[in-house]
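Both backbone and side-chain heavy atoms feed into the values below; hydrogens, waters and symmetry mates do not. In listed order, ligands and their atoms are each counted from 1.
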Amino acid sequence: MDVEKKVEKTKEEMPVVEKITVGHVHLSGCTGCLVSFADNYEGLFKILDDYADLVYALTLADVRHIPEMDVALVEGSVCLQDKSSVEEIKEAREKAKVVVALGGCAAYGNITRFCRGGQWNQPQMESYVPIAELIDVDLYIPGCAPTPQQIRNVCIMAYLLLKGNDEQKELAGAYLKPLMDLAQRGDEACGCDLMYDVINQGLCMGCGSCAAACPVRAISMEYGKPNIDRDLCIKCGACYAQCPRSFFNFDVMNEFEGISELIKGVME
Ligand code: SF4
Ligand code: SF4
């Protein structure tokens with residue numbers, strides 16, 4: 001079945017009958033990822049009305065203990081000297097069907113990679129690691145912060161993956177695959193990834209997407225190629241994730257139109 005037909009069929013079968021459950025697990029993060037989720041405005045209400053119940057989010061709801069849930073959106077890295085954080089991430093893994101590293105800190109450590117401890121009133125807190133150092137992570141949403149659209153799309157696609165029919169599952173799987181691949185790739189990120197895995201491999205085509213994605217302007221285009229200022233880099237991983245030569249997958253990109261139409265239809 002071609003993409004257009006799949007999308008039409010999928011739209012006809014909306015709206016959906018059963019929601020998924022989603023939780024926001026806040027570790028050593030800044031809440032910027034949650035703010036980005038909220039920046040979907042009406043889109044967030046649409047998701048909460050029709051597709052997902054937010055069952056855990058200490059910033060927004062008075063549920064004190066992590067419940068069973070379909071999707072855990074984990075924000076922030078884990079401080080190894082903070083016993084409750086270490087227990088919390090392990091509990092999130094036990095209770096959630098899908099664990100998402102939401103944002104650069106959960107996925108790669110990001111700015112917390114630079115922590116060295118020694119500050120009052122917890123000078124012993126010196127080791128911060130991405131969540132994949134402690135648990136298996138299903139997919140990454142990179143970015144500091146990730147865009148509202150990325151978070152919205154992952155929620156919708158997780159819904160379709162868990163509750164949809166076979167065609168919906170197929171489209172959702174295609175959308176989520178690169179983010180799952182990213183989780184498999186590892187939990188270290190740096191602007192240097194562009195040097196080692198793109199430029200040095202002869203893959204860079206000078207499109208400038210990496211420079212546009214960098215939240216701290218650590219990348220400038222010089223003579224058509226990215227130049228990385230490693231002293232500015234906060235190790236968020238956004239540049240490699242945005243680079244079209246990093247894990248460009250034709251199977252996924254060929255479904256792009258159908259996936260965009262599907263998301264548009266779901267959000268109407
Ligand atoms: S160069 Fe910029 S986008 Fe790339 S990892 Fe560093 S801070 Fe993030
Ligand atoms: S996004 Fe990738 S292909 Fe484009 S300029 Fe940066 S490294 Fe090169």
Side-chain angles (χ1 to χ4, degrees), residues 27-37 39 73-78 100-116 127-133 137 139-151 153-154 175 177-254 256 259-260:
L27 298 172
S28 295
C30 69
T31 329
C33 296
L34 184 62
V35 170
S36 189
F37 192 17
D39 278 347
L73 299 172
V74 182
E75 170 172 355
S77 59
V78 189
V100 177
L102 175 62
C105 291
Y108 299 115
N110 208 356
I111 197 76
T112 66
R113 286 287 195 191
F114 298 89
C115 290
R116 297 291 180 270
S127 319
Y128 290 77
V129 294
I131 61 172
E133 296 253 335
V137 181
L139 63 97
Y140 282 4
I141 309 181
C144 180
T147 65
Q149 293 84 357
Q150 272 182 309
I151 308 170
N153 292 357
V154 166
Y175 181 88
K177 187 170 182 310
L179 302 178
M180 291 174 171
D181 290 347
L182 212 50
Q184 291 302 313
R185 182 174 174 263
D187 61 7
E188 287 179 22
C190 174
C192 311
D193 295 341
L194 298 176
M195 283 162 28
Y196 302 138
D197 293 345
V198 185
I199 304 164
N200 292 357
Q201 304 298 322
L203 293 171
C204 177
M205 57 186 177
C207 67
S209 300
C210 49
C214 180
V216 293
R217 299 189 183 170
I219 303 173
S220 52
M221 297 301 289
E222 287 179 20
Y223 304 105
K225 291 283 157 67
N227 184 46
I228 297 113
D229 184 338
R230 286 182 289 170
D231 285 343
L232 288 180
C233 173
I234 56 168
K235 303 192 183 296
C236 71
C239 51
Y240 182 78
Q242 285 294 322
C243 171
R245 305 309 295 270
S246 56
F247 47 85
F248 191 85
N249 181 324
F250 282 101
D251 290 341
V252 176
M253 293 312 285
N254 288 341
F256 178 77
I259 290 169
S260 319

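- Nearest heavy atom pair, residue Gln242 against residue Ser209, reads O-CB, 4.0 Å.
- Arg230 places no side-chain N or O within 3.5 Å of a backbone atom of Ile228 that could act as its donor or acceptor partner.
- Near Arg245, the atoms of ligand 2 lying under 4.0 angstrom from a non-hydrogen atom of the residue are 3 (S).
- Panel note: side chain Gln150, backbone Thr147; a donor-acceptor pair is recorded below 3.5 Å.
- Close to ligand 2: Met221, with a non-hydrogen atom less than 4.0 angstrom away.
- Among all non-hydrogen protein atoms, the one lying nearest atom 2 (Fe) of ligand 2 is Cys243 SG, 2.3 Å.
- Distance alone, capped at 3.5 Å, places no donor-acceptor pair between the Gln184 side chain and the Leu139 backbone.
- When distances to atom 4 (Fe) of ligand 1 are checked against a cut-off of 2.8 Å, Cys239 contributes an N, O or S atom below that limit.
- Looking from atom 8 (Fe) of ligand 1 to the surrounding protein, the closest heavy atom is Cys236 SG, 2.3 Å.
- In this structure, the side chain of Asn110 does not engage the main chain of Thr112 through any donor-acceptor pair within 3.5 Å.
- Near Ile234, meaning under 4.0 Å from one of its heavy atoms, ligand 1 places the atoms 6 (Fe), 7 (S).
- At most 12 non-hydrogen atoms from other residues, nucleotides or ligands lie less than 6.0 angstrom from CD of Glu188.
- Proximity of a side-chain donor or acceptor of Ser36 to a complementary backbone N or O of Pro146 within less than 3.5 Å is detected.
- Only side-chain heavy atoms of Val216 come within less than 4.0 Å of ligand 1; its backbone N, CA, C and O stay farther off.
- At least one heavy atom of Cys190 sits under 4.0 Å from some atom of ligand 1.
- Shown in contact with Ile219 at under 4.0 Å from a heavy atom are these atoms of ligand 1, numbered in order with element: 1 (S).
- Judged purely by atom type and a 3.5 angstrom limit, Asn227 has no side-chain atom pairing as donor or acceptor with the backbone of Glu222.
- A salt bridge links Asp197 to Arg185: one of the charged nitrogens lies within less than 4.0 Å of a carboxylate oxygen.
- Residue contact annotation: Cys210 places no N/O/S atom under 2.8 Å from atom 8 (Fe) of ligand 2.
- Neither the backbone nor the side chain of Asp193 comes within contact range of ligand 1; no heavy atom lies under 4.0 Å.
- The atoms of ligand 1 that sit less than 4.0 Å from any heavy atom of Cys233 are 1 (S), 5 (S), 6 (Fe), 7 (S).
- For ligand 2, the atoms closer than 4.0 angstrom to any heavy atom of Cys204 are 3 (S), 5 (S), 7 (S), 8 (Fe).
- Under a 4.0 Å criterion applied to the non-hydrogen atoms of Ser209, ligand 2 contributes the atoms 1 (S).
- Nearest heavy atoms, Leu73 versus Phe37: CD1-CE2, 3.9 Å.
- Closest to atom 4 (Fe) of ligand 2 among all protein heavy atoms lies Cys207 SG, 2.3 Å.
- A donor-acceptor contact shorter than 3.5 Å links the side chain of Gln201 to the backbone of Tyr196.
- The protein non-hydrogen atom at the shortest distance from atom 3 (S) of ligand 2 is Met205 N, 3.5 Å.
- Taking the six-membered ring wherever Trp is involved, the centroid distance between the rings of Tyr140 and Tyr108 falls below 6.0 Å.
- Close contacts between ligand 2 and Pro244 involve ligand atoms 1 (S) [criterion: under 4.0 Å to a heavy atom].
- The shortest heavy-atom distance from Gly237 to ligand 1 is under 4.0 Å.
- Each of the atoms 5 (S), 8 (Fe) of ligand 2 lies under 4.0 Å from some heavy atom of Gly206.
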